[in-house]
Amino acid sequence: MRYDTPSLIRWNARAYDSSFGYVSAQGAPLVDLLDPQPGERVLDLGCGTGVLTAEIASRGARVLGIDGSHSMIETAIAQFPGLDFTVGDGHDFTVAEPYDAVFSNAALHWLSRDPDAVIECVRMALQPGGRFVGELGGAGNCAALIAAMLTAWREHGLRDPHLPWYFPSPAEYAVRLERAGFTLRLVENFDRPTPLDDCPNGAADWVRMFAPSLLEGVPVGTMESLLRRVNELAAPALRRESGWMADYVRLRFAAVRQ
Ligand code: BEZ
């Protein structure tokens, strides 16, 4: 897929999903790390509803937001009609003019099919010296959530679900970046316990919201019991008096194309 800025695709607006708003709010420090400069060209890979794309644009950069989800891009265009957004696959995109920076928040872990292909697309989208600044789920991300899911699935006689995410260790991701021709400037790995404000029914709601593909093969009659069990198993690690927390681990990096 090729993006010739502005390759703008327009759809009708749809309601903004506040759970993704939280993702965007958490991404503000990453924009500071990117430090976009007036006039720079910045590509936001996995831009979601475009909140951080707009933040980058507000600092004077010229932006293009790309996301695999049509509905996210519809919402981004509706919210920020002056900016360029397009639907596309992070595994397979090219640009007409190289960018000064590629930015990515909370999206790279969804691009799990071939992380090297994603990194190569990013490299090709950057000019030499261009920056790649990103944050994704790191190794151990959602460990308690995933353990609860796997146990509940097994207890219900279901096959282990395919987990659609890529949560690399800092060392693994650094090797991929260096092998692809990037110089690492910064790698950080840290816990970010995250309130599940939009999940009143805790881990069960999280599974419904973020892992719907796992539920596709589950018999209707098993669903309620399965998700109740996920909650029971996850509660000791993730339920606080104040509410449910997700056990997120962040891998943050900044790299430069050689
Ligand atoms: C994350 O941000 O780490 C994440 C969100 C949803 C599903 C999996 C991971």
Side-chain angles (χ1 to χ4, degrees), residues 16-31 33 44-53 55 65-69 71-72 75-76 89-91 103-115 118 133-153 160-170 172-173 176 187-216 218 226-227 230-231 233-234 237-239 243-253:
Y16 179 69
D17 181 340
S18 66
S19 64
F20 288 97
Y22 189 86
V23 170
S24 298
Q26 291 284 333
L30 196 64
V31 177
L33 180 63
D44 183 359
L45 181 59
C47 63
T49 56
V51 174
L52 294 179
T53 325
E55 173 62 28
I66 297 178
D67 201 282
S69 160
S71 60
M72 287 287 165
T75 305
D89 180 357
H91 290 95
F103 172 89
S104 185
N105 179 56
L108 295 167
H109 52 247
W110 290 102
L111 300 172
S112 57
R113 180 166 53 76
D114 185 350
V118 176
V133 174
E135 191 175 294
L136 67 158
N141 194 40
C142 303
L145 281 163
I146 290 171
M149 281 190 275
L150 292 178
T151 302
W153 256 246
D160 282 359
H162 168 72
L163 304 175
W165 313 292
Y166 170 60
F167 300 140
S169 72
E172 177 187 334
Y173 208 67
R176 288 189 193 276
V187 184
E188 289 175 340
N189 193 42
F190 54 95
D191 291 335
R192 182 190 285 152
T194 299
L196 291 177
D197 292 337
D198 295 309
C199 298
N201 197 24
D205 281 354
W206 186 91
V207 174
R208 283 199 200 89
M209 191 178 292
F210 291 113
S213 64
L214 274 60
L215 298 175
E216 275 165 16
V218 174
L226 179 73
L227 291 176
V230 170
N231 263 1
L233 291 162
L238 302 180
R239 191 174 198 166
W244 286 81
M245 303 286 276
D247 53 339
Y248 286 175
V249 175
R250 299 295 89 174
L251 170 54
R252 181 183 287 177
F253 64 88

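Order of appearance sets the numbers: ligands from 1, and atoms from 1 within every ligand. Position 1 is the first residue of the sequence; numbering continues from there. Keep in mind that the numbers below use all heavy atoms, side chains included, and drop hydrogens, waters and symmetry copies. Please read all numbers here as calculations on a predicted model, not as lab measurements.
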Taking the six-membered ring for Trp, are His109 and Tyr166 closer than 6.0 Å centroid to centroid? no
Can you find a non-hydrogen atom of Arg250 under 4.0 Å from ligand 1? yes
Where ligand 1 meets Trp110 - atom numbers and elements under 4.0 angstrom, heavy-atom basis: 6 (C), 7 (C)
Can you list the atoms of ligand 1 that are under 4.0 Å from a heavy atom of Asn141? 1 (C), 3 (O), 9 (C)
Charged N to carboxylate O under 4.0 angstrom, Arg113 versus Asp89? yes
Taking Asn141 for the side chain and Phe167 for the main chain, is one N or O donor matched with an acceptor at less than 3.5 Å? no
Checking Asn105 side chain against Glu135 main chain: does a donor-acceptor pair fall under 3.5 Å? no
Considering Phe167, Tyr248, Trp206, Tyr166 one by one, which has a heavy atom nearer to atom 7 (C) of ligand 1 than any of the others? Trp206
